[in-house]
Amino acid sequence: MTYSELELNRIAKIDRMRERGEEPYPHRVKRTHRIDAARAAYEAAVEGGAEPNDTGVEATLCGRLRSIRSMGRTAFCHIEDEGGRIQLMLRSNTLGKEWLKQFEKDYDLGDFVEASGSLMLTRTGEITLLVSSLRMISKAIRALPSAKEVVDEETGERTTYSAFDNPEARYRERYADLAVNPEVRDIFRARSKVVSSIRRTLDDHDFLEVETPILQPIYGGAAARPFTTHHNQLKQELYLRISFELYLKRLLVGNLERVYEIGRDFRNEGVSYKHNPEFTQVEFYWAYADYFDVMDLTEEMVRNAAMAVFGGTTIGEYEGKEIDFGKWERVRLPDAIADRTGIDFTKYPTQAELAAAMKAKDIKFDPTMQRGKLIDKLLSDFVEPYLVQPTFLYDYPIEISPLAKKSADDPMIVERFEGYIAGMELCNAFTELNDPIDQEARFKYLQEMYGSEDDEGHPIDEDYIRAMSYGMPPNGGFGMGIDRLAMLLTNKHSIREVLLFPHLREEK
RNA sequence: GGGUGCGUAGCUCAGUGGUAGAGCAGGUGACUUUUAAUCACUUGGUCGGGGGUUCGAGUCCCUCCGCGCCUACCA
């Protein structure tokens with residue numbers, strides 16, 4: 001580690017402090033109040049008749065120094081903890097002229113301090129800790145990347161000058177981003193509310209939270225390329241999971257009727273504003289339910305998450321558009337595509353027929369695409385971008401849905417739905433295929449269609465078929481990208497904004 | 001993968017071929033109720049890396065690295 005002049009300067013301060021017997025990194029501190037609690041204590045004392053200019057309420061606060069204004073015999077600072085910010089007043093007549101001089105020399109923005117004193121009101125009307133003693137509890141060597149901020153006491157509005165907003169620097173040094181940008185901390189508080197709300201909703205419906213392998217000898221449950229890894233002692237090739245699906249459904253065979261998992265999936269594919277190589281999913285499987293039951297529960301889950309974030313209403317704003325997370329449209333996929341393109345794919349049961357219909361409409365496509373891919377293209381190009389308000393599309397073509405149960409009415413259609421908001425796919429669910437013979441046939445079809453070298457080709461999970469052969473109850477299953485829901489509920493256009501440490505290329 | 005924009009002090013940015021700048025942060029000093037405190041003085045640079053054109057390159061060209069945006073891919 002090489003230090004800049006500024007850093008060497010601060011290291012010299014550490015030496016200076018130790019020389020006069022002050023430890024800049026003490027082992028233990030004593031905090032009596034978080035800053036919001038101190039403010040509340042002040043208000044309570046004033047309400048109880050205390051003199052506002054000097055309540056006599058004693059408090060010891062800890063936090064980071066965020067501003068220092070030194071006036072010679074008096075200095076004002078702000079410190080910040082998770083409960084907010086409060087001003088400190090340091091006076092030479094209580095702390096000593098020499099002490100204040102040393103404070104000015106050795107304390108910097110970003111240092112953590114412990115300050116004891118009593119709560120009072122300054123001449124300008126700001127609640128302030130009049131400090132009787134203050135010490136360093138952790139010296140910062142690097143300067144925080146933010147300069148100055150003003151907080152309007154009335155509105156709480158914060159104006160930042162030369163804000164730390166370079167995205168690359170913010171993601172690489174997320175700790176500094178969080179330390180300096182309170183709205184970034186709020187994003188992750190909101191995200192945490194989303195996750196706990198989802199967990200609460202499922203728990204309330206008697207779902208059991210479980211954990212299944214991340215390192216898997218055979219990957220499956222989604223169409224994605226996996227990351228590979230290797231177990232040294234076992235000399236075994238392993239994959240990082242691309243979904244939880246096949247393991248969770250094995251649990252239904254084991255008579256666990258309602259299971260869910262919240263965790264990380266890994267997909268070795270391109271990154272974009274809505275794709276990160278690792279991302280957080282929730283999946284649940286629900287015995288004796290079908291995809292319409294799952295739709296109802298999805299609505300409840302998303303509604304609860306929105307209420308947890310917004311605090312009461314389900315109405316949010318995303319990219320300037322008002323979105324009601326409590327109100328869903330339900331449209332059959334064939335109808336949605338027909339409305340937008342004039343093509344009802346159910347009338348074209350083969351690739352050749354559908355391709356001809358698309359050609360007749362001047363729709364460009366790769367002629368090697370299978371029928372399922374063509375339908376997926378129609379969905380992606382003509383329907384998905386327009387699904388701004390929450391919408392379930394249901395009844396999907398069988399070719400792109402190997403784990404979903406066929407419709408009783410049409411063997412080319414499966415009981416599957418996807419949920420869309422703001423033109424973005426949010427979740428995917430089906431009445432799960434539980435017929436082991438059909439399942440094996442579907443896997444074989446995929447293998448023949450794509451072959452094992454193709455990215456789409458997947459190894460057949462024989463054990464999964466074996467499990468299903470013991471009998472799997474009819475069930476509805478569901479998967480949702482939590483990062484995307486967090487994006488929608490925090491009005492962020494990039495998945496990186498809702499990941500604490502998004503994947504970046506190696507720093508050179 | 002393709003297109004495009006960006007990369008200059010700790011942070012935010014200016015600088016379109018002629019001596020590398022500003023504000024804030026940092027340093028020295030003044031100042032006993034300030035809040036972007038103020039005032040005076042002041043330190044700080046591999047201009048992302050490498051190569052080229054030129055008398056001369058932060059600036060023009062090539063290349064590499066990183067990031068953003070668009071696009072493509074994505075059961």
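Just so you know, these numbers come straight off a predicted model, no measurement behind them. Letters A, B, ... mirror the listed sequences (proteins, then strands); counts begin at 1.
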Q.
Tell me every residue that passes side chain to side chain donor-acceptor pair (under 3.5 Å) with S243(A), counting only those two or more places apart in sequence or in another chain.
A. none
Q) Between rG66(B), rU34(B), rC13(B), which nucleotide has the shortest distance from any of its atoms to the side chain of E126(A)? A) rU34(B)
Q | Toward the 5' end of RNA chain B, by each residue's nearest nucleotide, V271(A) or R416(A) | A | V271(A)
**Q.** For rU53(B), the Watson-Crick or wobble counterpart (both distances under 3.5 Å)
**A.** none
Q. Do I495(A) and H275(A) come close enough that some side-chain heavy atom pair is under 4.5 Å?
A. no
Q: Both distances under 3.5 Å, Watson-Crick or G-U wobble: report the partner of rA75(B), or none.
A: none
Q. With respect to the side chain of Q87(A), which nucleotide from rA75(B), rC74(B), rU34(B) is positioned closest?
A. rU34(B)
Q. If you look at every strand shown and take non-hydrogen atoms under 4.0 Å, does L504(A) touch a base, only sugar-phosphate, or nothing?
A. sugar-phosphate
Q: Using whole Å, report how far CG of D366(A) lies from C1' of rU71(B).
A: 17 Å
Q) Taking the same atom, P, in rC64(B) and in rA37(B), what whole-Å distance lies between them? A) 46 Å
**Q.** Rounded interatomic separation in angstrom, taking CZ from F164(A) and C1' from rU12(B)
**A.** 11 Å
Q.
Tell me every residue that passes side chain to side chain donor-acceptor pair (under 3.5 Å) with Y464(A), counting only those two or more places apart in sequence or in another chain.
A. K249(A)
(Q) Filter on salt bridge (Lys or Arg N to Asp or Glu O under 4.0 Å), then keep only pairs touching residues 261-273 of chain A, sequence neighbours left out; what's left? (A) R241(A)-E261(A), R241(A)-D265(A), R264(A)-E278(A)
Q: Please state the C1' separation for the pair rC47(B) and rA22(B) - nearest whole angstrom.
A: 16 Å
Q: Look at the side-chain N and O atoms of R69(A) and state whether any lies under 4.0 Å from the OP1 or OP2 oxygen of rA37(B).
A: yes
Q.
Under a 3.5 Å cut-off for both contacts, is rC47(B) paired Watson-Crick or G-U wobble with anything, and if yes, with which nucleotide?
A. none
(Q) One thing to verify: whether D108(A) and R142(A) come together as a salt bridge, which I'm taking to mean a side-chain N less than 4.0 angstrom from a carboxylate O. (A) no
Q) H503(A) NE2 to rC67(B) C1': how many Å, rounded? A) 13 Å
Q) Considering Watson-Crick and G-U wobble pairs with both distances under 3.5 Å, what does rC41(B) pair with? A) rG27(B)
Q) Of all the nucleotides listed (rA72(B), rC74(B), rU34(B)), which has the minimum atom distance to the side chain of K373(A)? A) rC74(B)
Q) Want to settle it: does T128(A) or S380(A) sit nearer the 5' end of RNA chain B, counting the closest nucleotide to each? A) T128(A)
Q. In whole angstrom, what separates L144(A)'s CG from rG26(B)'s P?
A. 11 Å
**Q.** rG5(B) - base-pair partner by Watson-Crick or wobble geometry, distances under 3.5 Å
**A.** rC67(B)
**Q.** Listed partners of K377(A) passing side chain to side chain donor-acceptor pair (under 3.5 Å), at least two apart
**A.** D381(A)
Q. In whole angstroms, how far is the P atom of rG10(B) from the CD atom of E7(A)?
A. 9 Å
Polar atoms only, N or O, under 3.5 Å: list the protein pairs with nucleotides 41-43 of chain B and their distances.
residue: rU43(B); atom: O2'; partner: E5(A); partner atom: OE1; Å: 3.3
residue: rU43(B); atom: O2'; partner: E5(A); partner atom: OE2; Å: 3.0

Q: Identify which nucleotide among rU12(B), rC74(B), rA75(B) has an atom closest to any side-chain atom of N428(A), counting heavy atoms from C-beta outward.
A: rA75(B)
Q.
Please tell me if R496(A) has a side-chain N or O lying less than 4.0 Å from either OP1 or OP2 of rG68(B).
A. yes
Q: Tell me, please, which residues at least two apart from L504(A) pass side-chain contact (heavy atoms from CB on, under 4.5 Å).
A: Y171(A), R172(A), R496(A)
Q) If we call it a pair only when both distances are under 3.5 Å in a Watson-Crick or G-U wobble match, what pairs with rG17(B)? A) none
Q) Can you check the F501(A) CZ to rC67(B) C1' distance for me, whole Å? A) 18 Å
Q: Quick one, give me the B/S/- string for nucleotides 27-33 of chain B, reading 5' to 3', where B means a protein heavy atom under 4.0 Å from the base and S means that only happens at the primed atoms, P, OP1 or OP2.
A: SSSSBBB
Q) Which of these, R442(A), K406(A), E415(A), sits in a side chain to side chain contact (heavy atoms under 4.5 Å, CB included) with L433(A)? A) R442(A)
(Q) Using Watson-Crick or G-U wobble geometry with both distances under 3.5 Å, which nucleotide pairs with rU34(B)? (A) none
Q | Test side-chain contact (heavy atoms from CB on, under 4.5 Å) applied to S138(A) - qualifying residues, sequence neighbours left out | A | Y25(A), F112(A)
**Q.** Partner residues of E58(A) under the side chain to side chain donor-acceptor pair (under 3.5 Å) criterion, sequence neighbours left out
**A.** none
Q. Counting side-chain heavy atoms from CB outward, which of rC74(B), rA25(B), rA75(B) is closest to D376(A)?
A. rA75(B)
Q. Distance from S4(A) atom OG to R10(A) atom CZ, nearest 0.5 Å?
A. 9.0 Å
Q) Expressed in angstrom and rounded to an integer, what is the separation of K274(A) atom NZ from rC73(B) atom C1'? A) 12 Å
Q. Rounded to whole angstroms, how far apart are CG on N166(A) and C1' on rG7(B)?
A. 9 Å
Q: Determine: side-chain N/O of H493(A) to OP1/OP2 of rC70(B), distance under 4.0 Å, yes or no.
A: yes
